[in-house]
Amino acid sequence: MFDTSPQLDCGGRVLRLDRPRVMGIVNVTPDSFSDGGAHDTTDAAVAHGLQLVAEGADLLDIGGESTRPGAAPVSVEEELRRVVPVIQALAERTQVPLSVDTFKPEVMRAAVAAGAGMINDIHALRQDGALAAAAELGVPVVLMHMQGEPGSMQDTPQYDDVVAEVHRFLAERMFSAEMAGIAKKNLVIDLGFGFGKTTEHNMTLLARSERFVELGVPMLAGLSRKRSIGELTGREQPRDRVAGSVAAHLIAAQRGATILRVHDVAATVDALKIWAAVDAVPAPRVA
Ligand SMILES: Nc1nc2ncc(COP(=O)(O)OP(=O)(O)O)nc2c(=O)[nH]1
C-alpha cells in the first residue's frame, strides 16, 4: 500500500511524519533555562546528542543561543563556534536529521553546509536575509510564533484572542515564506509556547491546537520543562518538570502536533509507545 503520510526531506535524511516524532534538544549554551552549561562544549554536546538518539530521538535540534528572557545575545561568530563543530560531528556519527535552532542567516548557511537538514527559527524568518537564506538552502523550516522579543516578551503578554492572533501570524509567515520561494512542503509551524504568552495563553493554545492543522503543514510543539509546566505542577526546578512536560506533549500529539521538541527523550518515547498501542486498537465494528 503506497504510504501517503507526510514526510520532510531534511537534506537527504527523511523524517517520516506518519506518527509523532521526538526532536531531542542539544543546547550548546552556558545559559539555557533548563540545561545551560550542561553540554556547552563540543564534546559534551555531541555526547549528549548521541545519547538522545540512543534514547529514541527521531531528530536533534542544535542551538547555540538561549532564547530565555534576559539571555545574553550571542554574536554570529560565537554562535558559529558553538554549533558548527557539533553539527559536523553529529552528521558524521548519527543518521537522524539535524535541525539548527537559529534566526541568523549566516548560521543557517554554515549549519546546513556542516550537515544540518532543517532550520528552526523562533523568529519565523523575520530577520533580514533569513527568508532568502532559507529559500536558497531548500531545507525544511520551522516558523514559530513569538509576541515581542525574548528579552521582554514575558513582561505583559496580551491578546484579544490568542488563538486567532497566533493563527493569523503563522498564516502570514507561511505566505511570506512561499512568496520568497520556499515550498509549502518544507514548512513546519510552531505555536511558540512560552514566547510572549502567559500560562493561560499557553494552555488555550494547547487546548485549541487542532485549529492549526487546517494550515496544512506539520506542527511542532515545544513545552518541555517550561515555566507554564512549573506553574501548573509547582515544580520549581526545570529538571523536575518531566512528567508535566510528557503530559503536555502527549496532549499536543493528540491534537495534531507531529514533532515534539523535548529535553527528556526517553520519557517522551515511552509515553508515545503507550499512546501508539492504544491508537492501534481497531475501531469497533459497526453492528
Ligand atoms: N521551534 C521552537 N524552538 C525553540 N527553541 C528554544 C526554546 C526554548 O527552550 P530551550 O532551548 O530548552 O531553552 P533556551 O532557549 O534557554 O536554550 N523553545 C523552542 C520552541 O518552543 N519551539
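Every heavy atom of this structure was used, including side-chain atoms; hydrogens, water molecules and symmetry mates were not. Bear in mind the structure is a predicted one, so any value in this text is a computation, not a measurement. Just follow the structure's listing: the first ligand is 1, and inside any ligand the first atom is 1. Position 1 is the first residue of the sequence; numbering continues from there.
- Salt bridge status for D101 with R261: present, with a side-chain N to carboxylate O gap under 4.0 Å.
- When heavy-atom distances to ligand 1 are checked against a 4.0 Å cut-off, R225 has no atom that comes that close, whether in backbone or side chain.
- Taking any N or O of S34, backbone or side chain, none lies under 3.5 Å from an N or O belonging to ligand 1.
- Tracing side-chain contacts under 4.5 Å through hydrophobic residues (I, L, V, M, F, W, Y), one never reaches I251 starting from V242; they form parts of separate clusters.
- Between F33 and ligand 1, at least one N/O pair is under 3.5 Å apart.
- Residue-environment remark: CZ (R13) exceeds the threshold of 12 foreign heavy atoms within 6.0 Å.
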Take V163 and T204 through the test side chain to side chain contact (heavy atoms under 4.5 Å, CB included) and record every step on the way to the result. CA-CA 7 Å; V163 173; T204 300; 3.9 Å; yes
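- Remark: R126 CZ is packed, more than 12 non-hydrogen atoms of other residues, nucleotides or ligands lying under 6.0 Å away.
- When the heavy-atom distances from atom 8 (C) of ligand 1 to D61, I189, T67, D101 are ranked, the shortest goes to T67.
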Test H167 against F212 for ring-ring contact (aromatic ring centres under 6.0 Å, His included), laying out the working first. CA-CA 7 Å; H167 190 281; F212 295 83; 5.4 Å; yes
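- If you look at D35 next to ligand 1, there are no close heavy atoms at all, none under 4.0 Å.
- The shortest N or O to N or O distance between G222 and ligand 1 is below 3.5 Å.
- Hydrophobic clustering, with ILVMFWY side chains joined whenever heavy atoms are under 4.5 angstrom apart, keeps V162 apart from M153.
- Between H263 and ligand 1 there is a heavy-atom distance shorter than 4.0 Å.
- Comparing I259, L223, D190 by heavy-atom distance to atom 2 (C) of ligand 1, the nearest is D190.
- Annotation: D31 places no N or O atom under 3.5 Å from an N or O atom of ligand 1; distance criterion only.
- Nearest protein heavy-atom neighbour of atom 11 (O) of ligand 1: R261 NH2, 2.8 Å.
- For atom 1 (N) of ligand 1, the candidate residues are V26, L143, T29, N120; the nearest heavy-atom contact is made by N120.
- The nearest protein atom to atom 17 (O) of ligand 1, hydrogens excluded, is given as S32 OG, 2.5 Å; this is a heavy-atom distance.
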